[in-house]
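Start at 1 and go down the list; that is how both ligands and their atoms are numbered. Nothing fancy with the numbering, it's 1 onward along the sequence.
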Amino acid sequence: MLITFEGIDASGKSTQAKLFADFLSLSHEKNIFVREPGGTKTGEDIRQILLHKDYGMFAETEFLLFSAARAQLTREVIIPALQKGYIVVTDRFSDSSLAYQGYGRGLDIDTVKQISCFAVNNLCPDMTFFIDIPVEDAIDRMRKEMKSDRIEVEGSDFFDRVRRGYLKLEEDHASRIHVIDGTRDVEQIQDEIREIFLNHPVK
Ligand code: ADP
Ligand code: TYD
């Protein structure tokens, strides 16, 4: 079973994904936790290129690099783990490319979908938690964290398009994507995620 966490930068998705993986470990579920872009040696190297704020990059280049990192992670880590019966929890997956490079950067959505599917051998998550917070809250959190990597210097219009993109994806895949109100306490959010998971039998 593949479970993915999505959201705009600083939405709290990494916090929730890690807590959820800890919960799976406590209940003795065989699980692994991976992050994107990265999770493999090749992917971590690509991540350095992608997040280096001094590089100018076309949207197409950015998209193909994210896809390349994901192609490696999928084949090297995710598919072998799924074949051994693990629950795989990922911090971001293909929906990030649709939301950021498709809706955010304005690349053609169908092209992004096709290349993303090719990159991951048509693997689709079984369950996705989209941690949703208002863009202004996310920007406040980024300022507090003093994060200013290449993408985080984009400003609110960009993150607004990305957030709306995620909401559009949820409309199209309502049974897979769960929109979670990320403005609450960490524990409240995590409780809701666990409850949704427990009400869906593991395949
Ligand atoms: P992301 O992976 O989406 O960038 P993180 O989990 O790294 O988000 O969290 C971003 C920042 O927001 C961190 O400083 C974290 O401590 C804080 N944070 C996470 N969840 C919450 C929450 N529910 N309420 C307030 N702050 C939060
Ligand atoms: P991440 O490390 O998850 O950042 P954060 O924890 O701050 O959300 O992701 C790094 C950045 O890469 C983030 O701004 C989102 C972006 N990204 C894309 O634009 N497209 C993608 O396909 C992925 C996986 C990430």
Side-chain angles (χ1 to χ4, degrees), residues 4-22 33-40 42-44 46-53 55 57-74 78 89-107 109 111-113 115-120 125 128-156 158-163 165-166 169 180-193:
T4 63
F5 283 76
E6 296 283 354
I8 61 173
D9 293 58
S11 59
K13 70 182 165 39
S14 304
T15 303
Q16 295 300 329
K18 280 181 209 133
L19 286 172
F20 183 69
D22 291 347
F33 172 64
V34 289
R35 71 165 185 173
E36 272 214 23
T40 64
T42 308
E44 291 296 339
I46 295 172
R47 182 187 174 92
Q48 291 308 314
I49 300 172
L50 277 165
L51 303 185
H52 198 292
K53 64 182 173 191
Y55 288 174
M57 206 181 276
F58 290 98
E60 289 81 356
T61 315
E62 180 183 81
F63 168 54
L64 291 168
L65 284 172
F66 277 118
S67 300
R70 189 173 304 123
Q72 186 70 24
L73 180 69
T74 301
I78 299 179
V89 178
T90 72
D91 185 347
R92 298 194 180 282
F93 200 59
S94 306
D95 292 325
S96 284
S97 280
L98 277 159
Y100 278 80
Q101 280 66 53
Y103 292 100
R105 298 265 186 241
L107 292 182
I109 299 295
T111 308
V112 173
K113 272 188 195 156
I115 296 175
S116 293
C117 282
F118 169 73
V120 301
T128 297
F129 295 104
F130 164 47
I131 313 298
D132 186 31
I133 67 169
V135 170
E136 307 75 59
D137 294 12
I139 288 181
D140 280 351
R141 287 188 195 174
M142 284 181 222
R143 287 211 180 98
K144 275 190 202 135
E145 284 190 312
M146 303 214 291
K147 282 176 90 177
S148 63
D149 69 36
R150 199 175 60 76
I151 291 168
E152 283 159 351
V153 293
E154 286 299 330
S156 61
F158 175 73
F159 290 109
D160 199 47
R161 290 197 298 277
V162 175
R163 176 170 177 259
Y166 274 124
L169 287 173
I180 306 291
D181 173 4
T183 61
R184 297 167 294 165
D185 289 347
V186 169
E187 294 74 22
Q188 279 179 299
I189 300 168
Q190 184 63 201
D191 284 350
E192 187 186 355
I193 290 168

* **Residue R47 vicinity, atoms of ligand 2 by number, heavy atom under 4.0 Å** => 2 (O)

* Under 3.5 Å: donor-acceptor pair, side chain of E44, backbone of G39 -> yes

* **Enumerated ligand 1 atoms positioned under 4.0 Å from heavy atoms of R184** => 22 (C), 23 (N), 24 (N)

* Asked: Given that the side chain starts at C-beta and the backbone is N, CA, C, O, which of these parts of R35 lies under 4.0 Å from ligand 2, counting heavy atoms, or is it both or neither?
  -> neither

* **Nearest option to atom 22 (O) of ligand 2, as decided by whichever heavy atom of R92, R70, R105 sits closest** => R70

* Could you list the residues that satisfy salt bridge (charged side-chain N to carboxylate O under 4.0 Å, His left out) with R161, not counting sequence neighbours? => none

* Consider every N or O of I189 and every N or O of ligand 1, then say whether any pair is closer than 3.5 Å. => no

* Determine whether any heavy atom of E62 lies closer than 4.0 Å to an atom of ligand 2. => no

* Asked: Short question: side chain of Q16, backbone of V186 - any donor-acceptor pair under 3.5 Å?
  -> yes

* **Side chain R47, main chain F66, donor-acceptor under 3.5 Å** => no

* Proximity to ligand 1 by part of K13, non-hydrogen separation under 4.0 Å -> both

* Run the contact test for M142 against ligand 1 with a 4.0 Å cut-off on heavy atoms, strictly below, and give the result. => no

* Asked: Considering only heavy atoms of T15, which atoms of ligand 1 have at least one such atom less than 4.0 Å away?
  -> 5 (P), 6 (O), 9 (O), 19 (C)

* **Any donor-acceptor N or O pair under 3.5 Å, side chains E6, S96** => yes

* Asked: Taking N or O atoms only and a 3.5 Å limit, does D91 qualify as a polar contact for ligand 2?
  -> no

* Ignoring hydrogens and geometry, is there a side-chain-to-backbone donor-acceptor pair from R105 to A59 under 3.5 Å? -> no

* Who passes ring pair (Phe, Tyr, Trp, His ring centres under 6.0 Å) against F20, sequence neighbours left out? -> F5, F23, F197

* **Spatial distance of atom CG (D137) from atom CE (M142) [nearest 0.5 Å]** => 10.5 Å

* Atoms of ligand 1 close to V186 [distance to a heavy atom under 4.0 angstrom, numbered from 1] -> 20 (N), 21 (C), 22 (C), 23 (N)

* In terms of atom number and element, which parts of ligand 1 are under 4.0 angstrom from non-hydrogen atoms of I8? -> 3 (O)

* To do: Please verify whether a non-hydrogen atom of S11 lies at under 4.0 Å from ligand 1.
  => yes

* To do: Say whether D91 and ligand 1 are in contact under the criterion: heavy-atom distance to a ligand atom below 4.0 Å.
  => no

* Is there any N or O on E145 that sits under 3.5 Å from an N or O of ligand 1? -> yes

* Show the numbers, then the answer: is there a side-chain contact (heavy atoms from CB on, under 4.5 Å) between F159 and Y100? => CA-CA 8 Å; F159 290 109; Y100 278 80; 4.3 Å; yes

* To do: State the atoms of ligand 2, each with its element, that fall below the 4.0 Å cut-off from a heavy-atom position in Q101.
  => 18 (C), 19 (O), 20 (N), 21 (C), 22 (O)

* State whether the side chain of R141 and the backbone N or O of S11 hold a donor-acceptor pair below 3.5 Å, judged by distance alone. => yes

* Considering only heavy atoms, does T183 approach ligand 1 within less than 4.0 Å through its side chain, its backbone, both, or neither? -> neither

* To do: Would you tell me whether T128 and T4 have side-chain atoms, one donor and one acceptor, within less than 3.5 Å of each other?
  => yes

* Which part of E145 is near ligand 2, with near meaning a heavy atom under 4.0 Å away: side chain, backbone, both or neither? -> neither

